[in-house]
> 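Take a look at the following structure, please.
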Amino acid sequence: MHSHHHACGCGRACHTPSATKPLCAVPAASSSGLTIRAASPVQPDCGGGCCAANSSPDSGGGDDDEGDRRGAWRFSWRVSGMDCPSCARTVETAVSQLPEVLRTRVVFASEKLQVGASADVAAAVEQAVARAGFSLISDAAPAAPPSRWRENRTLLLLAFLMLVSVILSQFMPRWGDGLFIATTLIGLWPVARSAWRRARSGSPFTIEMLMSVAAAGALLIGAHAEAAMVLLLFLLGERLEAFAAARARSGVTQLMALRPESATRIAGDKRESVALAALRPGDLIEVAAGGRLPVDGRLLNDEASFDESALTGESLPVTREKGEALLAGAASVDRLVRIEVTSKPGESAIDRILTLIEEADSHRAPVERFIDRFSRLYTPLIMLLAALVMVAPPLLGFGGWLSWIYKGLTLLLIGCPCALVIATPAAITSGLAAAARQGALIKGGAALERLSQVRAVAFDKTGTLTQGKPQVTAVLCFATASQEELLALAAAVEQGSTHPLATAIVAAASARQLPLPAATHQLTLAGSGIAARIAGAQVELLSPGRAAALNAAQRAQIAQQEEQGQTLVAILRDGEPIGALALRDNLRADARDALAALKKMGIESLMLTGDNPRAAAAIARELDIEFRAGLLPADKVEAVRALGQQRPLAMVGDGINDAPAMKAATIGIAMGSGSDIALESADAALTRDALPLLPSLVALARRTRATLRQNIAIALGLKALFLVTTLLGLTGLWLAVVADSGATALVTANALRLLRARRT
């Protein structure tokens, strides 16, 4: 996801957004297929004549692409007042009915509304959302703290009136009953108005509608006290839901708070405070002691300590040396530091996490999709059942009308799907947030569910099980060339390559201060090695297994080195072997513990590597795992597919050659230091190179799946129980409301337990 940050060049009057305007709305270039994201909190001051936006390739799929070809507009707001995923669906429904809207998406986790349209529909969207009973806030506007009195005044008034009604009914029953009626009407007004708004917006089957019908019905059949109690409990439940939703979103809010709004940029002797949108890779910035890094960067000080706990879960400060990479959100512990910016606007570590959380909805778990579809049918079916219960038994002579109407009204309240709708996203969102805290990014609920089912893990060797920092340990000479000549030739061929072996060869030549000959026509030979022309000769660096020209004596020398766990690279000039380099890559210190923890969880580990079988066997013996060696990228894919057919398999790697195998696995997991392609291909990524995160991550995924099942059982179990007790006449209206609000509170609280999970 490469994004380009630019000022609006829309060729029209692009007004500075007011509190209810989207941060940016511009026509998307039809040729580029770019989506304008207004997620950036920075709005540069350009005289009030323009606004800022991030544009990135859309991940949404075909609808957006089609819209872009038509020349679509992009808008983004924050939605105020959403307490559960049902509210998000109501907003989506209201906006998607507008004729010029091509795509609507509400991200409940970050309260964001994103709209793609064929024209400027900002005003129409705001009106549609207002009609549905919600309000829009500009992404650029700072979030105002909610007014406690305004939020709770109806609930407090209703509670006061209810108390007075109960007391009055003890001494003056007629006046008490009249006050119950007045209390019901006062409480019913906002609920019925909200139900009407949502029905007009295309969402007739809402909890507000069910509550309004039930309360009005109870009032008409003379159950005045219960009607008032139903509304009081409903409003109390709504406030509890709002509190739970705010807690669930707190992880996202805390992440956004980690990113400062501005940075101190250094240009020569000048220091200036600039918006994050103005920073570009290569810029120099300063961060004071205790300050947080606004972007990803490279340390220019000799060394400094950083608190990276917010992003990686590592509680102790980490010492970084000059040239090391740093993540946005890390805090400088002990000194003023200078950083060279390496991330583009909107592409820092925090931005990537926020994007993943926002996109999680498009990667929902299968059970989540099923519950969503089921809940859409559930409420209309319950309403139909309630109508039958009110009408059929009295008509057939099974009792009086009033008692069956009362039971039917109680069934309406049981028809509220709130607990069921929030059961899965609450667990999934909490699981994803907990994983981010531990130091792992998971791309949605579907990936989290697949991770929980994993029974085997395949590891790449170099950079995954080993440190990825091999060193040249020996130079074998097969011809007249000296060790220095061979090393210089090899380094010249490998110069510019990012492969760990190439880096080690170049570093060895540099350490000996060897002059490197000029190399041209460099060509990577996938899975075999690399070639280049030097002084008119074709020089190749190949895996010994791919070098057919090696004779028996040369192969014996190579085999002797390989049995010691070293990796060999044969050097050929115009097809003739002239020598070989031996390299050794040490095991990660935490590899044994991580694999032992996986074994305890019933997960088998194996190693898939392109390295020679002898070097691979030496590493596998140390780790006590199976291995397959000498694999090309295509062979890895075949091996992963074959193993994946036997049981759910995770593939863990860090290189470009691991990306196809990651895609073929049940779930692909990238190491934090991995290549961009590996990170992009993976379903999950460890934000730091620590293998013990892997068993912790699988354990968290399993806890999330268990929590999700518990939530569904709680939601459906309570509904089923009260359905039976209502038909038997054992429970009434107010208990049905308690059951609904209680179920919603229970499933949310159960999901929030995942946020307390800590790295093991």
Side-chain angles (χ1 to χ4, degrees), residues 1-7 34-44 52-57 59 110 139 252 254-267 272-288 291-301 304 306-312 318 320-332 337-359 436 439-441 443 498 654 670-682 685-689:
M1 294 176 292
H2 298 291
S3 60
H4 312 278
H5 198 98
H6 54 83
L34 294 179
T35 301
I36 301 301
R37 285 182 189 266
S40 170
V42 180
Q43 181 187 338
N54 283 330
S55 63
S56 63
S59 61
S110 57
D139 266 352
V252 178
Q254 287 166 11
L255 272 177
M256 295 179 76
L258 288 177
R259 181 178 49 194
E261 295 295 322
S262 61
T264 303
R265 183 168 62 187
I266 303 169
E272 56 178 341
S273 181
V274 297
L276 300 195
L279 293 177
R280 293 291 180 275
D283 286 352
L284 299 184
I285 62 170
E286 260 187 2
V287 178
R292 290 197 178 273
L293 273 62
V295 289
D296 294 351
R298 193 167 60 85
L299 182 63
L300 298 180
N301 297 53
F306 294 90
D307 176 3
E308 299 178 351
S309 58
L311 283 170
T312 66
V318 179
R320 299 291 180 197
E321 294 180 356
K322 187 173 183 176
E324 284 198 65
L326 302 168
L327 298 177
S332 173
V337 292
R338 282 197 174 192
I339 310 291
E340 180 188 335
V341 177
T342 57
S343 61
K344 296 177 183 177
E347 291 188 11
S348 72
I350 293 173
D351 292 314
R352 290 196 297 272
I353 295 172
L354 291 171
T355 301
L356 281 176
I357 291 171
E358 288 182 0
E359 289 178 353
L441 306 181
K443 298 179 182 178
T498 56
D654 74 329
M671 297 297 288
S673 62
S675 69
D676 289 344
I677 293 175
L679 292 169
E680 197 68 33
S681 304
L686 308 183
T687 57
R688 58 193 171 88
D689 283 340

> How far apart are the closest heavy atoms of Val274 and Arg265, and which atoms are they?
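Closest pair (atom of Val274, atom of Arg265, distance): CG1-NH2, 3.7 Å.
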
> Would you give the length of the straight line joining atom CG of Leu300 to atom CD1 of Ile285, rounded to the nearest 0.5 angstrom?
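So the CG of Leu300 and the CD1 of Ile285 are separated by 9.5 Å.
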
> Could you state the interatomic distance from CD1 (Ile339) to CG (Asp283), rounded to the nearest 0.5 Å?
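Separation between the atoms: 13.0 Å.
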
> Ala304 and Val337: which non-hydrogen atoms are nearest, and at how many Å?
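Looking at all heavy atoms of both residues, the closest pair is CB-CG1, 3.6 Å.
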
> For Leu284 and Glu340: C-alpha separation, side-chain torsions, deciding distance, then whether side chain to side chain contact (heavy atoms under 4.5 Å, CB included) applies.
CA-CA 5 Å; Leu284 299 184; Glu340 180 188 335; 4.1 Å; yes

> Treating Ser332 as the side-chain partner and Gly291 as the backbone partner, does any N or O pair qualify as donor plus acceptor under 3.5 Å?
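A pair under 3.5 Å: no.
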
> Might you point out which heavy atoms bring Leu279 and Ala263 nearest each other, and give the distance in Å?
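Taking every non-hydrogen atom into account, CD1-CB, 3.8 Å.
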
> Taking all non-hydrogen atoms of both residues into account, name the closest pair between Glu324 and Arg320 and its distance.
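Heavy atoms of Glu324 and Arg320 come nearest at OE1-NH1, 3.3 Å.
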
> Is there a side-chain contact between Pro294 and Val287 in this structure, where contact means two heavy atoms from C-beta onward sitting under 4.5 Å apart?
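They are in contact (side-chain heavy atoms under 4.5 Å apart), so the answer is yes.
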
> Do Pro345 and Arg280 have side chains that get closer than 4.5 Å, going by heavy atoms?
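Side chain of Pro345 against side chain of Arg280, heavy atoms only: contact under 4.5 Å found.
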
> What is the distance from atom CD of Glu286 to atom CD1 of Ile266, rounded to the nearest 0.5 Å?
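So the gap between those two atoms works out to 3.5 Å.
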
> Do you know which two heavy atoms are closest between Gly323 and Arg298, and how far apart they sit?
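Reported closest heavy-atom pair: O-CG, 3.1 Å.
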
> Any chance you could measure Leu299, atom CG, to Phe306, atom CZ, to the nearest 0.5 Å?
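With rounding to 0.5 Å, CG (Leu299) is 5.0 Å from CZ (Phe306).
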
